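A quick write-up on the structure given underneath.
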Amino acid sequence: MKFGGTSVADAERLTRAARRIVARAEEGKGVVVVLSARGKETDRLIADAFEISENPDPREMDMLLSTGERISCALCAMAIRDLGHEAISLSGSQAGIVTDTVHTKARIVDVKAHRIQDALDQGKIVLVAGFQGVSTAKDVTTLGRGGSDTTAVALAAAVGAEVCEIYTDVPGVFSADPRIVPGAQKLDVVSFEEVLEMAASGAGVLQLRSVEYARNHGVTIHCRSSFDDSTGTYVVPEEDTMEQPMITAVSHSTGEARITLLGVPDSPGAAGRIATTLADANINVDMIIQNEPIADGEPADMSFTIPADDVRLAKESLEPLKTELNLRGIVADEEVGKVSVIGAGMRSHPGVAAKVFTVLGENAINIEMISTSTIRISVVIPKEQVPDAVRALHTAFELDGDDTILAEQPFSEKGA
Ligand code: ASP
Ligand code: MG
């Protein structure tokens, strides 16, 4: 059972989560719980760091950020004990979550779950601080924003859990962000592949890595509301979903920026140098566009999108290439947004791209970049037009439902 930040934001909600955990244990189940930091705690800690330092040291950042989740677990263990059950809280390191050494976005390399297993065998409810681990160099690491989902899936795999329940402040995975699209519908079942595409294209649904991990280890995810008992969304292998509609969801992101390199030489190896530089800096590149110049020997421009948080790092890392490749300049544009149409049914239905582009055109939305996978079409457009684009596409692909769902909670940790 994993509870997100809003689900443990104050004493009342934390107690509610504790009751829910205890109820599961009373069904006779062994329960491992992963908690996120409370409310906006992680944002607050990040702000604290930037108040002290312009460029906070990544190792110290991890020491700082990992505290948020520990607070949640210690408090919840107290609440569970008061409800008459045995409980123990563990840091990521105590829980045996071993990661690589990349601070602030570490990857799990091993889970040594024997301490959890021992505690379960003693009839204890085990609470594990999400989003963190211990590196192979014995330092505390964090797993990137939203990383508690990955902790939950990794532990579910390690202890052979029946299901990994992700409790959050929305009833499940939606066909679009209900805050933008009033007719967005909760999906009952969605495939790993679709959720991966959704997570990669900005839906706050689940951390991307958690879904990759779940798919690779065969963990069933049930994403559901922490405020009621209703069934949420099951994330399962594609074979287990029924006949797919053409389009399942429209997701969007405004957390990216576009970097353009002007005057990239038209010669073998140039793109490799650029991509390697970004990879060495651990920057995830999403869309990449480059066109062969029409006239031979002329330089080309190359654009790609990266997380907006990495703009500064990207510029610093690419700077030396200016002289090496004789570039005319490096430009960053943060006023862009990305809208994606996703559906496994796309594989067998031609014409989806035509429809996407036509709908955007009819709404006077200019497309700046395009990328596709077998089950996704994404466009980069001006940031301020993102909500209009999402609504128009959701309607055009007949995803609007009759009942409008309005977020009952004041803020939401999971978007679409
Ligand atoms: N607290 C961390 C964050 O806000 C991790 C998580 O919530 O999953 O990103
Ligand atoms: Mg969170």
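The model shown is predicted, which means the values in this text are computed figures rather than measured ones. Each ligand, and each atom within it, is numbered from 1 in the order the structure gives.
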| Are any of the side-chain nitrogens in Arg179 or Asp177 under 4.0 Å away from the carboxylate oxygens of its partner? | yes

| task | Out of Glu69, Arg145, Gln132, indicate the one that has the non-hydrogen atom closest to atom 5 (C) of ligand 1. | result | Glu69

| Distance only, no hydrogens: is a donor on one side chain within 3.5 Å (strictly under) of an acceptor on the other, for Asp62 and Thr141? | no

| field | Lys105 bridged to Asp309 by N-O distance under 4.0 Å | value | no

| Taking only heavy atoms of Ser36, which atoms of ligand 1 are found under 4.0 Å from at least one of them? | 6 (C), 7 (O), 8 (O)

| said: Which of the numbered atoms in ligand 1 are under 4.0 angstrom from any heavy atom belonging to Gly146? | reply: 3 (C), 5 (C), 6 (C), 8 (O), 9 (O)

| Heavy atoms only: which of Ser148, Gly39, Gly4, Gly130 is nearest to atom 8 (O) of ligand 1? | Ser148

| message | Between Arg20 and Glu165, does any NZ, NE, NH1 or NH2 come within less than 4.0 Å of an OD or OE carboxylate oxygen? | response | no

| query | Looking just at side-chain N and O atoms, do Thr6 and Asp169 make a donor-acceptor pair shorter than 3.5 Å? | reply | yes

| message | Polar contacts were defined as any N/O atom of the residue lying under 3.5 Å from an N/O atom of the ligand; does this apply to Thr42 and ligand 1? | response | yes

| Does any N/O atom on Phe131 come nearer than 3.5 Å to any N/O atom on ligand 1? | no

